[in-house]
Amino acid sequence: MPRILTVGVAQLGPIARTENRQHVVSRLLALMEGAAHMGSDLVVYPEAALTAFFGHWLVADEDELDSYFEHAMPNPAVQPLFEAARRLHIGFHLGYAELTVENGDKRRFNTSILVGRDGAIVGKYRKIHLPGYAEPHPEAPFQNLEKRYFDVGNLGWPVWEAFGGRVGMMVCNDRRWPEAYRVMGLQGVELILLGYNTPTHDPSMPQTDGLGNFHNHLVMQAGAYQNGTWVVAAAKAGLEEGVEMIGQSCIIAPSGELVAQCSTLGDEVQVARCDLDLCTSYKENIFNFARHRRCEHYGLIVERTGAGPVLGR
Ligand code: CDV
């Protein structure tokens with residue numbers, strides 16, 4: 001019997017800095033209900049989906065910074081999402097800023113969770129590739145302070161047996177790195193879920209601004225194909241606190257083909273029937289890692305060229 005999972009990608013339009021959690025959660029609930037009406041088993045929300053993307057400006061006051069983070073998950077503000085999941089029998093993926101205490105130290109992570117149809121948390125991932133910088137760039141039109149506000153994720157890239165398949169997560173900038181897909185590909189991942197907040201303008205590389213949408217799909221279509229997995233990616237899109245962000249939320253098949261894509265820059269759901277068995281032919285043939293990967297030779301190439309493990313500055 002084919003393993004068909006109907007997945008909804010729930011794109012969010014901008015969230016105002018002043019918009020409270022209750023209002024954001026009401027928007028997420030409307031998207032969940034829409035996805036459920038379209039027959040979805042699972043709905044995928046963006047990165048840091050509960051607030052405006054505060055990495056885009058300097059927050060000097062610690063209490064104010066803390067207010068952008070979730071101190072527990074679930075918590076009273078997001079509880080309606082968990083209850084709706086149970087009622088509608090639909091799972092969800094949610095990105096949020098996580099504040100926790102580890103060994104007595106305050107830690108901050110850019111986190112996502114996978115929640116089952118019973119409203120129970122199945123798994124958690126903490127973003128590893130944090131873009132940007134820790135010190136503000138006063139000359140820039142907006143900031144990218146993820147390295148200031150977040151610690152590097154410390155949970156690796158596990159995959160979970162869930163929704164009848166093998167599911168993994170990454171967050172935004174992770175999608176540009178082939179290692180992120182491959183670490184999960186080596187564990188047989190069949191469905192990668194992620195969210196993103198991607199400005200249309202890159203102040204450090206403005207010459208690439210016209211390529212933002214292309215690069216967004218390029219990396220995910222390649223990651224899907226090269227690892228024989230579905231990829232579902234939800235954007236926070238539109239003009240948020242003066243920063244214009246790309247949309248193009250999408251669902252990508254293991255063939256690398258786009259099978260669904262959002263067309264607006266606002267709240268929108270698109271749905272696709274994802275046959276998880278499609279992954280198998282890629283994993284057993286063209287990307288059969290056990291038969292065709294040649295790791296021993298990759299090491300030799302690095303040695304011969306004298307290239308160290310890190311080529312960038
Ligand atoms: N939130 C992100 O990780 N955004 C980055 C931008 C800053 C390049 C991204 O890779 O989309």
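Ligands are counted one by one from 1 in listed order, and the atoms in each one are counted from 1 as well.
Trp177 is linked by a side-chain hydrogen bond (donor to acceptor under 3.5 Å, both in side chains) to Asn173, counting only residues two or more places apart in sequence or in another chain.
Checked by atom type and distance alone, the side chain of Glu268 pairs as donor or acceptor with a backbone atom of Ser263 at under 3.5 Å.
Between Thr198 and ligand 1, an N or O atom pair is found at a separation short of 3.5 Å.
Residue-ligand proximity, Glu47 to ligand 1, at heavy-atom distances under 4.0 Å covers atoms 1 (N). Each of the atoms 1 (N), 2 (C), 4 (N) of ligand 1 lies under 4.0 Å from some heavy atom of Asn197. Below 4.0 Å from some heavy atom of Phe53 lie the following atoms of ligand 1, by number and element: 1 (N). Residue contact check: Arg176 has heavy atoms under 4.0 Å from atoms 9 (C), 10 (O), 11 (O) of ligand 1.
Between atom 6 (C) of ligand 1 and the options Ala48, Gly95, Pro199, the minimum heavy-atom separation is to Pro199.
The heavy-atom pair separating Gln79 from Pro74 by the smallest distance is OE1-CB, 3.7 Å. Between Ile251 and Val271, the shortest heavy-atom distance links the atoms CD1-C, 4.2 Å.
Checking Arg3, Lys283, Arg166 one by one against Glu190, the salt bridge (Lys or Arg N to Asp or Glu O under 4.0 Å) holds for a single residue, Arg3.
Of the charged side-chain nitrogens involved, none lies within less than 4.0 Å of a carboxylate oxygen, so that Arg86 and Asp118 do not count as a salt-bridged pair.
Considering only heavy atoms from C-beta on, Val259 comes within 4.5 Å of Trp230 through its side chain.
Heavy atoms of Glu146 approach ligand 1 to within less than 4.0 angstrom.
Of all protein heavy atoms, the one closest to atom 3 (O) of ligand 1 is Lys127 NZ, 2.8 Å. The closest protein non-hydrogen atom to atom 7 (C) of ligand 1 is Asn144 ND2, 3.2 Å. For atom 2 (C) of ligand 1, the closest non-hydrogen atom of the protein is Cys172 SG, 2.8 Å.
Contacts between Arg175 and ligand 1 below 4.0 angstrom, taking non-hydrogen atoms only, involve the side chain exclusively.
For Arg108 and Phe69, the positive end sits near the middle of the six-membered ring, less than 6.0 Å away and at most 45° from its axis.
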